[in-house]
Amino acid sequence: MGRKNRNRQRAQQNRDGRGWGAGYSEIIKENKLFEHYYTELKIVPEGEFEEFMEAMREPLPATIRITGYKSHAKEILHTLKEKYFKEVQDLEVDGQKIEAPQPLSWYPDELAWHTNLSRKILRKSPLLEKFHQFLVSETESGNISRQEAVSMIPPLLLKIEPQHKILDMCAAPGSKTAQLIEMLHSDMDVPFPEGFVIANDVDNKRCYLLVHQAKRLNSPCIMVVNHDASSIPRLHFDQDGKKDVLFYDRILCDVPCSGDGTMRKNIDVWKKWTTSNSLQLHGLQIRIAVRGVEQLAVGGRMVYSTCSLNPIEDEAVIAALLEKSEGALELADASPDLPGLKYMPGIASWKVMTKEGQWYSDWSEVPTSRHTQIRPTMFPPTDPEKLANMKLERCMRILPHHQNTGGFFVAVLVKKAPMPWNRRYPKPITHGFNNPFHKSVDLLFLFSSVTVLHIDMKCSVCSSPPPPKKMKLFGFKEDPFVFLTEDDPIFPSIQAFYDLSPGFPKLNVLTRTHEGKKRQLYMVSKELRNVLLNNSERMKVINTGVKVWSRNTDGEQFGCAFRLAQEGIYTLCPYIRARIINICVEDVKVLLTQENPFLRKLGDDFFFCYLSKWECKKYICGTLPFTAIQVNPTMTTSAAEKPRNVKRVHCSVVVSVS
């Protein structure tokens, strides 16, 4: 017997009689250093610390959010309230009484709900199987997002409008990005909002999680890019015939953090937590936040957030930003924006502790040997007047025991003027973002200890910049994004087959290949097209746009080799004037419940009211019978005789319920 088999047999013997999984030691939800640290910092109100710790040890409740921009969000909400929520009410699972799901009091229009059901119970209990299946299917279709409650807060505080240009700096896995897209599409009658979302993440593999989240929402206004957020390149775009720098109206800066606010769902944080995590991340968090405010438009809003309760990652970063901005940034009071949300105001006094338990109240107390680990920006400002003017109490810290959530920190910054280093050193237009002059300007004020040097604007670096270096890319090599021209040979057949309106934006259609047959066609908004064409050498694009047509060779005999893609129906519907059929609800049921329905099972209105006999024959023989179906609830199926010699057809049907 080999060593592997012996080990496997021994492990099996160890499990016998003790239950499956008995060989794994349970993680103990205790961390004395954590308790000592937060007791000393006093971020929890007096007398509530035990309640705070008990909440941290409890499993996080399940929370769902109904996508707000879908036309049938109200129907989904009605189904949940009248059917599924009533079914799970007062059930008992493993001795635990299931409470009726409740809407989050601070989320608009009752579109977010929470229950005391943990994820484990929801997945494994037979009594909740139907409810779980409903959540899974609606999540896959993009109608529902399972998202932690506190994670929903930052997008709401951004106050998104359809015309806003938005940057999500650390976007993966994408639940907040999905919210941003929904808000951008608040008016479903506008297929192409003027704004867009650029979602970035440094991890190439996590970018594909981001793509998966975004694809569920079928938006032509989303672009996923792969960059280090602390050095994300400046983008350019054409405005009024001139090339200009792109500044964003809204920026979400949800930075990497130690994550001690997530202990309720990430149990391994209990044994891994030390103060050194925050000390190591503080510098990166400042660099990302600085890069964010640099790219924020004057008058724009940036939301800085972490799932950490540690002031080294929270108020210290905000204080450093405000100090470096010299009045260009203002901390906004966001409390009126979310009535019903319970939170603790930001603190103005805190200390720094090493992992060995040694405390420092001021930078002057830190020994030289610790200067590489502890930086001046980790401490609150020493000037009382400057500290008061920062108004750090406007920051918001959400504690788990107040509303049965995870721990979270959020702050809203409004840009009142250009950043001081941008005012003093206006940037010349260069051919690449790797110019050393650009780097010196952007990084000059990152740390207060850096000495400001006089830069001669006539120096050789500024007057004759060296050629830009080619951007170094990591991860998978992506297919190119190739925009079609208005006279591309594939358009005439599509134009005739679908009777596209004259206003259809052909220039916004792209494919992912330079050569060979175009198999998939995608669409982006006019603004994203502008960004793509002007920055192909500056950024690594993972995915953009929404798929609208797919090649189907069987359709060539009927004059068009492209069929509609389901995900692009909302984008294309305003421009399609042919192949739209009104049918009754009974016919929709046939189409949705039968894999290969006989056409004779469909109502008379389906054939004789909307299709001529010639069209019927044409559709019966083809594989592209319908592009969109609108359901008319007033129509009923007639019992009149239907064609008997109609054969089965493989249909690709998109249903739009009116």
Side-chain angles (χ1 to χ4, degrees), residues 68 106-108 150-171 175-186 193-200 221-222 229 232 234-235 245-255 285-306 314-315 317-339 341 343 345-346 389-398 408-420 422-423 527:
W106 45 267
Y107 202 95
V150 290
S151 172
M152 305 176 193
I153 295 173
L156 292 175
L157 295 179
L158 280 172
K159 297 184 178 180
I160 302 295
E161 295 177 12
Q163 75 275 13
H164 284 155
K165 302 174 184 68
I166 307 161
L167 172 64
D168 191 350
M169 300 189 74
C170 309
S175 56
K176 299 182 188 69
T177 308
Q179 262 183 287
L180 300 176
I181 298 170
E182 292 167 26
M183 294 172 180
L184 204 63
H185 287 272
S186 56
E194 291 181 18
F196 55 79
V197 177
I198 294 180
N200 173 72
C221 304
I222 172 71
I232 189 168
R234 282 192 185 278
L235 303 184
V245 175
L246 174 63
F247 289 99
Y248 300 95
D249 302 298
R250 299 289 187 266
I251 292 180
L252 177 55
C253 186
D254 186 54
V255 296
Q285 290 162 342
I286 287 185
R287 292 196 300 274
I288 292 175
V290 166
R291 193 58 180 161
V293 294
E294 282 179 346
Q295 303 210 27
L296 186 64
V298 174
R301 290 166 75 94
M302 185 177 92
V303 169
Y304 175 89
S305 62
T306 74
D314 299 339
E315 284 92 346
V317 175
I318 296 299
L321 271 179
L322 293 171
E323 187 170 10
K324 296 173 197 306
S325 74
E326 298 179 9
L329 295 176
E330 179 183 270
L331 196 54
D333 181 8
S335 56
D337 299 332
L338 293 178
L341 177 66
Y343 69 92
N389 290 336
M390 288 181 177
K391 300 178 181 177
L392 291 178
E393 68 276 3
R394 291 182 173 179
C395 298
M396 305 167 77
R397 180 176 278 104
I398 291 90
F408 206 71
F409 174 87
V410 64
V412 181
L413 294 159
V414 177
K415 191 171 182 178
K416 298 293 186 181
M419 302 307 288
N422 295 128
R423 288 199 302 266
E527 289 73 17

Asker: For S151, give me all partners under side-chain contact (heavy atoms from CB on, under 4.5 Å), at least two apart in sequence or on another chain.
Answerer: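 With sequence neighbours excluded, S151 shows a side-chain contact (heavy atoms from CB on, under 4.5 Å) to Q147, E148, S175, K176, given in chain and number order.
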Asker: Under 3.5 Å, side chain of R394 to main-chain N/O of L331, donor-acceptor pair present?
Answerer: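 Yes.
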Asker: State which residues pass salt bridge (Lys or Arg N to Asp or Glu O under 4.0 Å) with D249; sequence neighbours excluded, sorted by chain then number.
Answerer: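 Per chain and number, D249 pairs via salt bridge (Lys or Arg N to Asp or Glu O under 4.0 Å) with no residue.
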Asker: If we only count heavy atoms from C-beta on, is the Q179 to L156 side-chain gap below 4.5 Å?
Answerer: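 The answer is yes, as the side chains (C-beta and beyond) meet within the 4.5 Å cut-off.
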Asker: Using side-chain heavy atoms (C-beta onward) and a distance below 4.5 Å, is E393 in contact with K391?
Answerer: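 In short, these two side chains touch, coming nearer than 4.5 Å.
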Asker: For the side chain to side chain contact (heavy atoms under 4.5 Å, CB included) test, which of I222, I251, L252, L184 pairs with I166?
Answerer: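 Testing each of I222, I251, L252, L184 against I166, the sole residue satisfying side chain to side chain contact (heavy atoms under 4.5 Å, CB included) is L184.
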Asker: Do P345 and M396 make a side-chain contact, defined as non-hydrogen atoms from C-beta onward lying under 4.5 Å apart?
Answerer: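 Result no, sub-4.5 Å side-chain heavy-atom pair not found.
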Asker: Quick one: salt bridge (Lys or Arg N to Asp or Glu O under 4.0 Å) partners of E330, sequence neighbours excluded?
Answerer: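 Salt bridge (Lys or Arg N to Asp or Glu O under 4.0 Å) check on E330 returns K416.
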Asker: Once rounded to the nearest 0.5 Å, what's the spacing between atom CZ of F409 and atom OH of Y343?
Answerer: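 That separation rounds to 12.0 Å.
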Asker: Who pairs with K159 by side chain to side chain donor-acceptor pair (under 3.5 Å), at least two apart in sequence or on another chain?
Answerer: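 Result, side chain to side chain donor-acceptor pair (under 3.5 Å) vs K159: D337.
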Asker: Can you name the residues that form a side chain to side chain donor-acceptor pair (under 3.5 Å) with E315, not counting sequence neighbours?
Answerer: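 Only R397 meet the side chain to side chain donor-acceptor pair (under 3.5 Å) criterion with E315.
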Asker: My understanding is that only residues two or more places apart in sequence, or in another chain, count here; which of them pass side chain to side chain donor-acceptor pair (under 3.5 Å) with D333?
Answerer: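 With neighbours one apart ignored, the set is S335.
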Asker: Restricting to side-chain contact (heavy atoms from CB on, under 4.5 Å), what partner residues turn up for A319, sequence neighbours left out?
Answerer: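 Residues passing side-chain contact (heavy atoms from CB on, under 4.5 Å) with A319: P381, M390, L392.
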Asker: Let me confirm one number: the CD1-CD distance from I318 to Q285, rounded to the nearest 0.5 Å.
Answerer: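 Spacing of CD1 (I318) from CD (Q285) equals 10.0 Å.
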Asker: Report the residues that fulfil side chain to side chain donor-acceptor pair (under 3.5 Å) with E161, sequence neighbours left out, ordered by chain and then residue number.
Answerer: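 Q163.
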Asker: Roughly how far, to the nearest 0.5 Å, is the CG atom of L167 from the CE atom of M302?
Answerer: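 The CG atom of L167 is 10.0 Å from CE of M302, to the nearest 0.5 Å.
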Asker: Say you draw a straight line from CZ of R291 to CD1 of I232; how long is it, rounded to the nearest 0.5 Å?
Answerer: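 Spacing of CZ (R291) from CD1 (I232) equals 8.0 Å.
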Asker: Roughly how far, to the nearest 0.5 Å, is CZ of F408 from CD1 of I153?
Answerer: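 One finds 6.5 Å between CD1 of I153 and CZ of F408.
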Asker: Can you measure from CG (L413) to SG (C395) and round to the nearest 0.5 angstrom?
Answerer: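 Rounded to the nearest 0.5 Å, the CG-SG separation comes to 8.0 Å.
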Asker: Does any part of the side chain of F247, heavy atoms only, come nearer than 4.5 Å to the side chain of V298, both counted from C-beta?
Answerer: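 Side-chain contact under 4.5 Å: no.
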Asker: Sequence neighbours left out, what passes side-chain contact (heavy atoms from CB on, under 4.5 Å) with A229? Give chain and number order.
Answerer: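 Partners of A229 by the side-chain contact (heavy atoms from CB on, under 4.5 Å) criterion, ordered by chain and then number, come out as M169, C170, N200, I288.
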Asker: Identify the heavy atoms of S325 and M419 that sit nearest to each other, and give their distance.
Answerer: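 Heavy-atom minimum between the residues: CB-CE, 3.6 Å.
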Asker: Taking only residues two or more places apart in sequence, or in another chain, which ones meet P162 in a side-chain contact (heavy atoms from CB on, under 4.5 Å)?
Answerer: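 Partners of P162 under the side-chain contact (heavy atoms from CB on, under 4.5 Å) test: S186, P193.
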Asker: Do the side-chain N and O atoms of D314 and T306 include a donor-acceptor pair separated by under 3.5 angstrom?
Answerer: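 T306 and D314 do have a side-chain donor-acceptor pair below 3.5 Å.
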Asker: With the side chain counted from C-beta on, respond yes when L157 and L338 share a heavy-atom pair under 4.5 Å apart, and no when they do not.
Answerer: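 A side-chain contact exists here, since the closest heavy-atom pair is under 4.5 Å.
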Asker: Less than 4.5 Å apart, side chain to side chain, heavy atoms only: is that true for E294 and R234?
Answerer: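 E294 reaches R234 side chain to side chain.
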Asker: To check you understand the geometry: which heavy-atom pair defines the closest contact between A289 and C253, and what is its length?
Answerer: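 Minimum heavy-atom separation between A289 and C253: CA-SG, 3.9 Å.
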Asker: Mind listing the closest non-hydrogen atom pair of P418 and A328 along with its distance?
Answerer: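 In terms of heavy atoms, the two residues are closest at O-CB, 3.5 Å.
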Asker: Run the numbers on L322 and N389 for side chain to side chain contact (heavy atoms under 4.5 Å, CB included), then give the verdict.
Answerer: CA-CA 10 Å; L322 293 171; N389 290 336; over 6 Å; no
Asker: Look only at the side chain of R301 and the backbone of V414, and say whether a donor-acceptor pair between them is shorter than 3.5 Å.
Answerer: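 Pair absent, no side-chain N/O of R301 close to backbone of V414.
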Asker: Using the rule given for side chain to side chain contact (heavy atoms under 4.5 Å, CB included), can you reason through I286 versus L321, listing the C-alpha separation, both sets of side-chain angles and the distance that settles it, and then say yes or no?
Answerer: CA-CA 7 Å; I286 287 185; L321 271 179; 5.8 Å; no
